[in-house]
Each structure stands twice: as C-alpha cells, then as structure tokens.
2 protein chains.
Amino acid sequence: MNLPPLVQSFVLHFGEMGSRWGINRTVGQIYALLYVSPQPLCADEIVEALGISRSNVSMSLRELQAWNLVLLKHLPDDRRDFFTTPDDVWQILRTLAEERKKREIDPTLSVLREILMQKPGNDDERFAQERMAEMHGLIERLTTWYDDVKQLDTDRLAMLLGLGSRITKLLEAKDRIVSIGRRKPAAREREE
Amino acid sequence: MNLPPLVQSFVLHFGEMGSRWGINRTVGQIYALLYVSPQPLCADEIVEALGISRSNVSMSLRELQAWNLVLLKHLPDDRRDFFTTPDDVWQILRTLAEERKKREIDPTLSVLREILMQKPGNDDERFAQERMAEMHGLIERLTTWYDDVKQLDTDRLAMLLGLGSRITKLLEAKDRIVSIGRRKPAAREREE
DNA sequence: CATTAATTTCAGAAATTTCTGAAAATTCTA
DNA sequence: TAGAATTTTCAGAAATTTCTGAAATTAATG
C-alpha cells in the first residue's frame, strides 16, 4: 500500500471496520479511498494504491455498486471505468440507511409477518407469537417513521437533527402542533 | 434442532441474519430462542433445543452478555444459570442502539478526530482531510441527536415516532416552538 | 476437604469467507 | 473482423471465523 499517511490511516480503519459494517476489508478500503480521492480512480489505480489483486478490485467495486455507494464516471478519450463516491455526505447517509434497511430489516419484517399469519398449536407457541408481534409492531413503527423522515429534504432533515435536546419541549407542545394539521383543537393525549 | 415449527422459523431466521447484524449464527439463534421462551432457559436446555455443543453455548452466551442483550436469572434451590431477554422491546431497542453505536460508530469518530488533528502535507491530503471533516461533522450531528433522543422516556419516544409524516408540519412551525424555549419571538429562519 | 455440579477455556477441526491468478468475455479500434 | 484494451468470472488457495470435545476451573454440598 502506497498512500499519504493521513489517507492510509483512514483507509486501514475502514478496512478494519468493514466486518462490523457488514462489508469486507477490501470493500471498506476501496470505499474509503474513493471517498477521499480528489479525482475519480480507475481499477488499476486502486490496485496500485491498495496493493491487492485486480480481480479483487473488480469484485469489490461490483459490491459497492450493489450498495449504490459508488458512481461510475467516464473521461473523454478513455474507455476505462472511473469510480467516485457521491460528494454530498447527506446523500451518502440516505443511501446507507436505505441499503441497510433493505438488507437488515426488511427480511426480518417479512419473516415475522409470515409467522404471525400461522395458528399457534399450544400455549408456548401462542406466547412466542405474542413476543414476535411485539417485535413486529416496534419495527413497523420505526420503519414507518423512517419512511416519513427520509422524504424530508436535507435542510429540513438538518433542522430536525439540529433540534437536539429541544425535541422535548417540542413534544410537550405536540397537541398544538398536531392541531394545525387537523385545523381543530385537539384533545390532550397525555398530561404531565 | 427440536422446536415448535413456528419458533423454529424464527430461530433459523435470526441465525441466518446473524452475519448481517454483526453477530454469528449461534448467537443469533440463542437470542431468538430466549426472546420467545416463556421461561428463562439454562445452558443445557439451549444445547438441547438448538443441537449445538455446550461450549458453543457458553461462548455465545458470553457474547450476548457483552452486548447486554440477555439477563441472568437464578431459581431457588438450583445453582444453574438461567437466561432471558429483557421483556420490554423498547428497552431492547435502546440497548441495541447503544451497543451498535459503541462498536460501529465511536471507533470511527475517534479515528477521524485523530486524523483531523494532523497537518496535511500537500493538496491531496488537504482535500482528503476536508472530506473527513465533512464525514466527522455529519456523524457528530447524528450522535448528538441520538444522545438527546435516547434520554426521552418511552412514551415520549413513541410520541416522536408516532408523529410520523406530521414531522414536516412540526418543522414548519419550529420557530414558534423554539421561541417557547427562548421566551421571545424568534426571527424566521427560512421561508417557503 | 473431597465430591459433585456447573461453567469456562482453548487447541485444533470444520466451515465459511476472502482473495488471487489464469482464463474467458466484453468492448472498442483500425 | 482481427487485435488490443479492459473487465469479469471462477476454481482453488489463503485467511478468517466458528464450533467442538476434552481438560481445567469454579463453586456449592455433605
């Protein structure tokens, strides 16, 4: 590996974290490298920079494309493929959230739904099904919320995050806010 | 493996998803089994139910304890350890979020901070550092928000989620809400 | 304190994942 | 369409992770 020390630390860290993030070392390293590169890189430049085989680069880039984490670019009069990452970090965040949901949440949601359709054969199965219903309910709430939030444009999303601890005051005032939506005064849902 | 079909599907699914969630098959299966079991189970009951070795159960339970995902129980006049999961799914969610942050986010944040302290040697390094600063900034915003939200009690958290798409209207009305905190009318921050 | 019950440790076996080199396929150019 | 450039595929090698059985450790009991 032949990289400026500062970049090398970053790339190596992404490689090490790879397994915790559900990708492998090479995929992590390539992503990190592309992320901090001022220009798009072609496969051979990645081979050169990371000191790994050409075929590994090919497969790893394919994996990154499956995650929608890299962009394919073409330079005039050059038929090689060049790769970058999107440069808006908010966009990267959205993609990451979406892809992880697809891989880590959705399959479980669908298994749960399927099991919940079945009829329990005894008390233990009934109990198990109730537990699964609780899990299913929670995941549904979370994903519904996520589906709403991801519609927000970046400014609004930043605003939501920026709200920070003031979120509490906002929730205290929820009734009033909700009533704007309904155009009618709302009944208090919970008192302090 | 000798389990009611409905439980078996659930356990096998958690086993398969294990690798995507950063745990291994056995750990996933044991967690699933404990989650749907009406009573706490001891190690040998897990061995029996899942058909795996005693030592594997021991190591996997240790791993689950490191994640704070299981509780140790003792029955009177029985010196064996019995295990369950917390029964409040919201509590499970909090634990999961906390542990994943600790394993998947915090190390990166600290590496980024360290790299950002260094002095770039040339233009490429300067560019790389700027990119890392963007990433660092975003992660900081997200974790600050998370730190605030996790303080909320479950009712408030549920309320926040329940807000769903109305979050937009709420954000439109943000000025007014924030002004409650400041006890003064606020200037409009952005117009539509 | 010897015995028994329960749990943990750990070296190596088994399984899985990652990576490579060589060959095949694709795509452009003359 | 032959040839050159580039990318992809894939069988097996290498590395890593997971799992097991046997031995060691811990802790309670008589």
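If you're wondering where the values come from, they're calculated on a predicted model, not measured in any experiment. Side-chain atoms are counted along with the backbone in the values below, which use heavy atoms only and exclude waters and symmetry mates. Proteins come first, then strands; the chains are lettered A, B, ... in the order of their sequence lines, and each starts at number 1.
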Using modelled atom types only, decide if a donor and an acceptor are shared between the side chain of A:S9 and the backbone of A:P5 within a distance under 3.5 Å.
-> yes
Between A:R100 and B:E104, does at least one N-O distance fall below 4.0 Å, as a salt bridge requires?
-> yes
Just grab all the salt bridge (charged side-chain N to carboxylate O under 4.0 Å, His left out) pairs involving residues 2-13 of chain B, residues at least two apart or on different chains.
-> none
Could you state the CD-C1' distance from A:E63 to D:dT8, rounded to the nearest angstrom?
-> 15 Å
Touch check for A:R54, heavy atoms < 4.0 angstrom, all strands: base, sugar-phosphate only, or nothing?
-> base
Between the protein and nucleotides 24-27 of chain D, which nitrogen or oxygen pairs come in under 3.5 angstrom?
from	atom 1	to	atom 2	distance (Å)
D:dA27	N3	B:R79	NH2	3.4

Over how many whole Å does the gap from B:M59 atom CE to D:dA22 atom C1' extend?
-> 13 Å
Pairs touching residues 124-133 of chain A that satisfy side chain to side chain donor-acceptor pair (under 3.5 Å), sequence neighbours left out | A:D123-A:R126, A:R131-B:T85
According to the interplanar angle, ranging from 0 to 90°, do the rings of B:Y35 and B:F10 count as parallel (below 30°), tilted (30 to 60°) or perpendicular (above 60°)?
-> tilted
In one Ile/Leu/Val/Met/Phe/Trp/Tyr side-chain cluster, 4.5 Å: A:V70, A:W21 | yes
Does A:Q91 reach the main-chain N or O of A:D88 with its side chain, forming a donor-acceptor pair under 3.5 Å?
-> no
Taking only Lys NZ, Arg NE, NH1 and NH2, and the carboxylate oxygens of Asp or Glu, determine whether B:R25 and B:E16 approach each other closer than 4.0 Å.
-> no
B:S53 side chain to B:N56 main-chain N or O, any donor-acceptor pair under 3.5 Å?
-> yes
What is the nucleic acid contact for A:S19, judged by heavy atoms within less than 4.0 Å: base, sugar-phosphate only, or nothing?
-> nothing
Would you kindly give the CG-to-P distance between B:D77 and D:dA28, to the nearest whole Å?
-> 14 Å
On DNA chain C, reading 5' to 3', which nucleotide is the first and which the last to sit with an atom under 4.0 Å from a heavy atom of chain A, could you check?
-> C:dT18 to C:dC28
Answer with base, sugar-phosphate or nothing: what part of the nucleic acid does B:N56 contact at a heavy-atom distance below 4.0 Å?
-> base
Between A:S58 and B:S55, just flag the one whose closest nucleotide in DNA chain D comes earlier from the 5' side.
-> A:S58
Which pairs with one or both residues in residues 135-145 of chain A pass salt bridge (charged side-chain N to carboxylate O under 4.0 Å, His left out), sequence neighbours excluded?
-> A:R113-A:E140
Quick one, which residues of residues 35-53 of chain A touch DNA chain C with a heavy atom under 4.0 Å?
-> A:I52, A:S53
Taking atom CD of A:E63 as the centre, report whether more than 12 heavy atoms of other residues, nucleotides or ligands fall under 6.0 Å from it.
-> yes
